[in-house]
2 protein chains.
Amino acid sequence: MANQIPRIIIGRLPLYLRAITRLKKEGHDYASSHELGKLLDISAAQIRKDLSHFGELGKRGKGYEIEFLISKLNQILNTDDVWRIIVIGAGDIGSGLARYKGFINRGFKVSAIFDIDPQKIGKKIGDLVVKDLGEMEAYITSNQIQIAVLAIPAENSQDVIDDLVKAGITAILNYAPIYLKAPEGVQIEHIDPSVHLQKLSYFLK
Amino acid sequence: MANQIPRIIIGRLPLYLRAITRLKKEGHDYASSHELGKLLDISAAQIRKDLSHFGELGKRGKGYEIEFLISKLNQILNTDDVWRIIVIGAGDIGSGLARYKGFINRGFKVSAIFDIDPQKIGKKIGDLVVKDLGEMEAYITSNQIQIAVLAIPAENSQDVIDDLVKAGITAILNYAPIYLKAPEGVQIEHIDPSVHLQKLSYFLK
DNA sequence: TAGATTGTTAATCGATTAACAATC
DNA sequence: TAGATTGTTAATCGATTAACAATC
């Protein structure tokens, strides 16, 4: 099972998981590739092909058992357990993430939030108290954190990335509108609303 | 110039624009496809191929004139002018977007923010005052808004989408962790941090 | 059994890369 | 001119789709 799955397939698995979790909430027990496909605007053939990389997950004639597929997808994505993640930057985005209730059943939990601004350090956000950025490295090491979310201005982000990696972080979700370099083996994902808006505006007028 | 450009290429143009804008800020006048490629982890050949869809934008022997390429990309992406966009939902994400200083030089400006919660209506966020969701449709019509950002809980988002489209919105950036249906011709982009985090966690452990 | 839907192969389609003539 | 880099063609690579035997 699963010898170097293409990245593009991995990128679709969270969407499958999100869609099928919704079907479960609606009371379904089984979902066919066609149903899922309609929900996601993805062809049924592609969904079957993607899933088949991880074994025979469906039942011919019936579809995919939802409970089973959910647990299988979580297993594949390593979200069986909850990852403790840290957030760097206690601005609007960082605060929003720290307060966000939706992470926990997707496999994540913000366990600390850091900022460099003395005005913010010590402030309470949701269940957390903003920590001094200076404590970040020690925190990562002693809590064995692997995932960090960067929610700070672009100018400072490359420096912080370097510190994060040095401390042992191996996966970064970056909200700064800038492309960042990380050493081989450190995964980075980017979220930049302006990029999405520009994709949209291309099609307008 | 430009007969039905593949979506995947359009998706890269904002990245080119972001990278080259940075090079401008650093004082460069020209950028070669190799420089850009190194900055973005994209092959030089691909960058040249992508850009060539829109004419001969470079100078052989020199590269791309930065000032010219920026204006050309803005022209292609329709971000020459500033789009007035609206934000639905005045929670952390909505507030963050309303206060975000980075939109204006990427071609966007939040011109109104709406919420359904009486506690939030009337509150000041940045330069804006939160409006009643009930005023949304009238606002869209009379201001000819085309782009909306959805930053509300998943449960309510399909209803709001329908209202948005009815009022004339043709492009939506959706922060709710759910796949939404919109009629043909209405573009939707999705941002769901959990999806990105799950892509990251796949590679861990 | 009949109907439905998977898993998988082969065919198609599209995107990326390599290579190089054109040319600044 | 010599060196550099584009624009573009052809070759390669990879992803998607169509189709259907297997089977629940």
Side-chain angles (χ1 to χ4, degrees), chain A residues 1-17 19-20 23-24 28-73 76 199 202, chain B residues 1-17 19-20 23-24 28-73 76 199 202:
Chain A
M1 158 193 167
N3 265 3
Q4 261 294 46
I5 310 292
R7 231 191 147 79
I8 196 160
I9 294 183
I10 302 308
R12 281 191 294 261
L13 300 183
L15 305 180
Y16 299 161
L17 181 52
I20 201 168
L23 290 179
K24 183 193 168 187
H28 296 69
D29 289 329
Y30 279 83
S32 71
S33 57
H34 291 91
E35 284 177 82
L36 273 172
K38 205 154 56 149
L39 222 50
L40 289 162
D41 267 345
I42 291 178
S43 82
Q46 178 157 86
I47 292 175
R48 292 202 301 280
K49 190 97 203 286
D50 284 354
L51 294 177
S52 73
H53 284 90
F54 305 96
E56 307 203 355
L57 307 185
K59 287 205 180 51
R60 288 162 203 244
K62 296 214 71 178
Y64 298 88
E65 203 211 324
I66 288 183
E67 200 67 63
F68 174 75
L69 187 55
I70 289 177
S71 92
K72 199 72 193 177
L73 284 171
I76 294 163
K199 281 202 241 178
Y202 171 83
Chain B
M1 161 193 165
N3 265 3
Q4 261 292 47
I5 309 294
R7 228 190 149 78
I8 196 160
I9 293 182
I10 302 308
R12 281 192 293 261
L13 299 184
L15 306 180
Y16 299 163
L17 181 52
I20 201 169
L23 290 178
K24 183 192 169 190
H28 295 72
D29 289 327
Y30 279 85
S32 72
S33 56
H34 291 91
E35 283 177 84
L36 272 173
K38 205 154 57 147
L39 221 50
L40 288 162
D41 267 346
I42 290 178
S43 83
Q46 179 156 86
I47 293 175
R48 292 201 303 278
K49 189 97 202 287
D50 285 354
L51 294 177
S52 73
H53 284 90
F54 305 96
E56 307 204 354
L57 307 185
K59 287 205 179 55
R60 288 164 202 244
K62 296 214 72 178
Y64 298 88
E65 202 211 325
I66 287 182
E67 201 68 62
F68 173 76
L69 187 55
I70 288 177
S71 91
K72 198 73 193 175
L73 284 171
I76 295 164
K199 281 203 242 176
Y202 171 83

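Here is how names work: the chains are called A, B, and so on, in the same order as the sequence lines, proteins then strands, and each is numbered from 1.
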- Task: Please state how far atom CD1 in A:I8 lies from atom P in C:dC13, giving the value in whole angstrom units.
- Result: 19 Å

- Query: Is there a side-chain contact between A:Y16 and A:I47, using heavy atoms and a 4.5 Å cut-off?
  - Reply: yes

- Message: Rounded to whole Å, how long is the line connecting atom CD of B:Q4 with atom P of C:dG14?
- Response: 12 Å

- Task: Could you grab the distance from atom CG of B:L13 to atom CD1 of B:I5, nearest 0.5 Å is fine?
- Result: 8.5 Å

- Query: What are the two closest non-hydrogen atoms of B:K199 and A:G11, and how far apart are they?
  - Reply: CD-CA, 3.6 Å

- Message: Once salt bridge (charged side-chain N to carboxylate O under 4.0 Å, His left out) is applied, what residue pairs with a partner in residues 35-63 of chain A remain, sequence neighbours excluded?
- Response: A:R12-A:D50

- Residues forming a side-chain contact (heavy atoms from CB on, under 4.5 Å) with A:S43, sequence neighbours excluded: A:A45, A:Q46

- Query: Do B:I42 and B:L36 come close enough that some side-chain heavy atom pair is under 4.5 Å?
  - Reply: no

- Query: Any side-chain heavy-atom pair from A:L39 and A:L23 closer than 4.5 angstrom?
  - Reply: yes

- Task: Return the value, rounded to whole Å, for the distance between atom CG of A:D50 and atom C1' of C:dG7.
- Result: 13 Å

- Task: Send over the distance from A:L51 CG to C:dT8 P, rounded to a whole Å.
- Result: 12 Å

- Go through the steps to decide whether A:L69 and A:I66 satisfy the test side-chain contact (heavy atoms from CB on, under 4.5 Å), and finish with yes or no. CA-CA 5 Å; A:L69 187 55; A:I66 288 183; 5.9 Å; no

- Side-chain atoms of A:S32 come closest, of C:dT5, C:dT16, C:dG7, to C:dT5

- Query: How far does OH of B:Y202 sit from CD1 of A:I9, to the nearest 0.5 angstrom?
  - Reply: 9.0 Å

- Message: Taking salt bridge (charged side-chain N to carboxylate O under 4.0 Å, His left out) as the definition, give me every residue that meets it alongside B:K24, ordered by chain and number, with sequence neighbours left out.
- Response: B:E67

- Query: Over how many whole Å does the gap from B:E65 atom CD to D:dT6 atom C1' extend?
  - Reply: 15 Å

- Query: Is any side-chain nitrogen or oxygen of A:R7 closer than 4.0 Å to OP1 or OP2 of D:dG14?
  - Reply: no

- Between B:S33 and D:dT6, does any side-chain N or O lie under 4.0 Å from OP1 or OP2? yes

- Task: Calculate the interatomic distance between B:K62 atom NZ and D:dT5 atom P; express it in whole Å.
- Result: 11 Å

- Between C:dT5 (P) and A:L69 (CG): distance, integer Å: 16 Å

- Query: Reading DNA chain D 5' to 3', how would its secondary structure be written in dot-bracket notation, given Watson-Crick and G-U pairs with both distances under 3.5 Å, brackets [ ] for crossing pairs and | for partners on other strands?
  - Reply: ..||||||||||||||||||||||

- Query: Base, sugar-phosphate, or nothing: which does B:L57 touch, judged by heavy atoms less than 4.0 Å apart?
  - Reply: sugar-phosphate

- Item | Among C:dT8, C:dT6, D:dG7, the one nearest B:Y64 by side-chain distance | D:dG7

- To the nearest 0.5 Å, tell me how far A:Y64 OH sits from A:L51 CG. 5.0 Å

Dump every N/O contact between nucleotides 17-19 of chain D and the protein below 3.5 Å, one line per pair.
| from | atom 1 | to | atom 2 | distance (Å) |
| --- | --- | --- | --- | --- |
| D:dT17 | OP2 | A:S43 | OG | 2.9 |
| D:dA19 | N6 | A:R48 | NH2 | 3.3 |

- Whole-Å gap separating C1' (C:dT16) and CG (B:L40): 16 Å

- Item | Minimum-distance nucleotide to B:S52 side chain [options: C:dT8, C:dC24, D:dG7] | D:dG7

Quick test: give all pairs of protein nitrogen or oxygen and nucleotides 21-23 of chain C nitrogen or oxygen below 3.5 Å, distance rounded to 0.1 Å.
| from | atom 1 | to | atom 2 | distance (Å) |
| --- | --- | --- | --- | --- |
| C:dA22 | N3 | B:R60 | NH1 | 3.0 |

